[in-house]
Asks: 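Handing you a structure now.
It should be emphasised that the depicted structure is a prediction, and the values quoted were computed from it without experimental measurement. Residue numbers start from 1 in every chain, and the chains themselves are labelled A, B, ... in the order their sequence lines are given, proteins ahead of strands.
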Amino acid sequence: MYRILFLGTPEFAVPSLRALATDERFEIVGVVTQPDRHVGRKGTITPPPIKVAAQELGIETIKQPEKLKDEEFITWIEEIGPTCDAFVVVAYGKIFRPWFLELPKKGLVNVHASLLPRWRGASPINAAIAEGDEKSGVSIMMIEEEMDAGPVLAMTETEIANNETAQTLHDRLSTMGADLLPMTLADYLEGKIKPTSQNQDLATYCKMITREDGKADWNEPAEVLERKLRAYTPWPGLWMEVDGKRIKILAADPIDQPGGKPGDRVSIHGEPAVICADQTVLILKEVQPENKPVMSGADFLKGNAWN
RNA sequence: CGCGGGAUAGAGCAGUCAGGCAGCUCGCCAGGCCCAUAACCUGGAGGUCGUCGGUUCAAAUCCGACUCCCGCAA
């Protein structure tokens, strides 16, 4: 059995951990994940999904260092690291320094949610939808010092549907990564496949998303805004401000219709709409005003000033 | 005990600060108008004002507790 240390944090990484933990070829010697954080409206302390999954899988060694430089963690990792054939990293959430990359015998293997070298960085799933890519996928690659730039071991593609949200694509890629990981990892450790360098010239990059990214810019065409809506679902979503109050736009239709200035609020067939760039209009099909439950655009229009 | 908002007719909302007839828009039902309607006109039905208790001549409104929902922050 190959000795593997797993590093990961969010829901995206859970299928990969399960796939490895239930595979007879691998022994998970430990799981490293982010510390428990305050989560939710009441600020209750919640463990990251990977911690919960690891406990369910009966993995006893779970480390949650605040920083990779914590002395206690360094002592532990320097002892166990060299006994591992590889570390597997799936959305752990921290950048690894060179000393860390040299710990396991055959390096760090990473599952990345894009078709590298496209969309290196922190939000590949969102970027693929926001930019209107026709396909996405998962890449399994070797971690090197430069972010997401290491050579690739394997890839799987998937079509992006025209109603795809970051949520649905996230879930599918999460499963695809888990399906591809065990075989790829075993083949790599057995020397059956070699990493292939990325074409640096084709690399594109995406940044960490912030709440402000979700604010609707009506100087963009409606089609782009609708893509952003899906790209930023469930967070931060597409939103706008009306009379100082935030309104989330949960579903919208872009249409071509001349007239009006970008940002003008109009109503079309009883539904709220906003003029966008290039003679386009975004119809708001489903919205959620601040402190209100989700409602249809038509319902919203009945009780709120709009025009 | 992280900060804050909300619950009123089937839907969306006003009314609460300053207690005094239960309102608006839409939908629904009936009728009218029109070549036509996602248009217009007339009439109608539909409410334990989230729950429990308190104050008061009188509570959607003031006070207390509770339930449920949501925005922000992380």
Asks: For A73(B), does either OP1 or OP2 sit under 4.0 Å from a side-chain N or O belonging to Arg211(A)?
Replies: yes

Asks: In whole Å, what separates the P atom of C24(B) from that of U42(B)?
Replies: 13 Å

Asks: Looking at every strand, decide which applies to Lys245(A) at a 4.0 Å heavy-atom threshold: base, sugar-phosphate, or nothing.
Replies: nothing

Asks: Using residues 233-262 of chain A as the side-chain source, report each donor-acceptor pair under 3.5 Å to any protein atom, sequence neighbours left out, with the distance given to one decimal.
Replies:
unit_1    : atom_1 : unit_2    : atom_2 : d
Thr233(A) : OG1    : Leu229(A) : O      : 2.6
Trp239(A) : NE1    : Arg211(A) : O      : 3.2

Asks: Starting from P on A11(B), measure out to NZ on Lys285(A) and report it in whole angstrom.
Replies: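 Taking atom P of A11(B) as the reference, NZ of Lys285(A) is at 21 Å.
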
Asks: Can you tell me how far P of G4(B) sits from CG of Asn291(A), to the nearest Å?
Replies: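 After rounding, the reported distance stands at 12 Å.
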
Asks: Please state the C1' separation for the pair C49(B) and G6(B) - nearest whole angstrom.
Replies: 14 Å

Asks: Pairing check on C49(B): which nucleotide meets the Watson-Crick or G-U wobble criteria with it, both distances under 3.5 Å?
Replies: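 For C49(B), the partner nucleotide comes out as none, under the 3.5 Å rule.
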
Asks: I'd like to know whether the aromatic ring centres of Phe87(A) and Phe100(A) sit less than 6.0 Å apart in this structure.
Replies: yes

Asks: Could you give the distance separating C72(B) and C17(B) at their C1' atoms, to the nearest angstrom?
Replies: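 It comes out at 25 Å once rounded to the nearest Å.
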
Asks: In residues 105-115 of chain A, what donor-acceptor pairs under 3.5 Å come from side-chain atoms, sequence neighbours left out?
Replies:
unit_1    : atom_1 : unit_2    : atom_2 : d
Lys106(A) : NZ     : Leu189(A) : O      : 2.9
Asn110(A) : ND2    : Val89(A)  : O      : 2.7
His112(A) : NE2    : Ser114(A) : OG     : 3.3
His112(A) : NE2    : Trp119(A) : O      : 2.9
Ser114(A) : OG     : Arg118(A) : O      : 2.7
Ser114(A) : OG     : Trp119(A) : O      : 3.2

Asks: Determine the Euclidean distance between corresponding C1' atoms of A9(B) and C29(B); express it in Å to zero decimal places.
Replies: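 To the nearest whole Å, 15 Å.
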
Asks: How long is the line joining CG of Asp299(A) and C1' of G12(B), in whole Å?
Replies: 6 Å

Asks: Provide, to the nearest angstrom, the distance between the CG atom belonging to Leu301(A) and the P atom belonging to C24(B).
Replies: 19 Å

Asks: Is Lys292(A) close enough to G71(B) that one of its side-chain N or O atoms is under 4.0 Å from OP1 or OP2 there?
Replies: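 For G71(B), neither OP1 nor OP2 has a side-chain N or O of Lys292(A) closer than 4.0 Å.
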
Asks: Look through every strand shown and name the nucleotide pairing with C62(B) as Watson-Crick or G-U wobble, where both distances are under 3.5 Å.
Replies: G54(B)

Asks: Between Trp76(A) and Phe73(A), how do the two ring planes meet: parallel, tilted or perpendicular, split at 30° and 60°?
Replies: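 If you compare the ring of Trp76(A) with that of Phe73(A), the planes turn out tilted.
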
Asks: Ignoring hydrogens and geometry, is there a side-chain-to-backbone donor-acceptor pair from Thr165(A) to Thr168(A) under 3.5 Å?
Replies: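 Indeed, once roles are kept as given, a pair shorter than 3.5 Å links the two residues.
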
Asks: Can you see if the side chain of Gln288(A) gets near the phosphate of C70(B) - specifically, an N or O under 4.0 Å from OP1 or OP2?
Replies: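 No, Gln288(A) has no side-chain N/O under 4.0 Å of OP1/OP2 on C70(B).
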
Asks: Expressed in whole Å, how much space separates the C1' atoms belonging to G46(B) and G10(B)?
Replies: 9 Å

Asks: Using atom P of each nucleotide, how far apart are C13(B) and U56(B) to the nearest Å?
Replies: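 After rounding to an integer number of Å, I get 36 Å for this pair.
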
Asks: Looking only at atom C1', what distance separates A7(B) and A60(B), rounded to whole Å?
Replies: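 One C1' to the other, the span is 11 Å.
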
Asks: Could Asp299(A) and Lys302(A) be called an ion pair, given the rule that one side-chain N must be under 4.0 Å from one carboxylate O?
Replies: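 Between Lys302(A) and Asp299(A) there is a salt bridge, with a charged N closer than 4.0 Å to a carboxylate O.
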
Asks: Just how far, in rounded Å, is P of C13(B) from CH2 of Trp306(A)?
Replies: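 To the nearest whole Å, that distance equals 14 Å.
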
Asks: Quick one: look up who A14(B) pairs with, Watson-Crick or G-U, both distances under 3.5 Å, and put none if it's unpaired.
Replies: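 Here A14(B) is not engaged in any pair, so there is no nucleotide opposite it.
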
Asks: Going by purine N1 to pyrimidine N3 plus the second Watson-Crick contact, or the G-U wobble pair, all under 3.5 Å, which nucleotide sits opposite C68(B)?
Replies: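 By the stated definition (distances under 3.5 Å), G6(B) pairs with C68(B).
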
Asks: Where each residue is assigned the nucleotide of RNA chain B containing its nearest heavy atom, which of Pro236(A) and Pro289(A) is assigned the position nearer the 5′ end?
Replies: Pro289(A)

Asks: Could you state the CD-C1' distance from Glu290(A) to C13(B), rounded to the nearest angstrom?
Replies: 16 Å

Asks: Taking for each residue the nucleotide of RNA chain B bearing the nearest heavy atom, is the 5' side occupied by Asn304(A) or by Lys248(A)?
Replies: Asn304(A)

Asks: Roughly how many Å is it from CZ in Arg37(A) to P in G2(B), rounded to a whole number?
Replies: 17 Å

Asks: Send over the distance from Ile283(A) CD1 to A38(B) P, rounded to a whole Å.
Replies: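 Those two atoms, CD1 and P, are 16 Å apart.
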
Asks: Taking the C1' atom in each of A59(B) and A22(B), what is the distance between them to the nearest angstrom?
Replies: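 Rounded to whole Å, the distance is 13 Å.
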
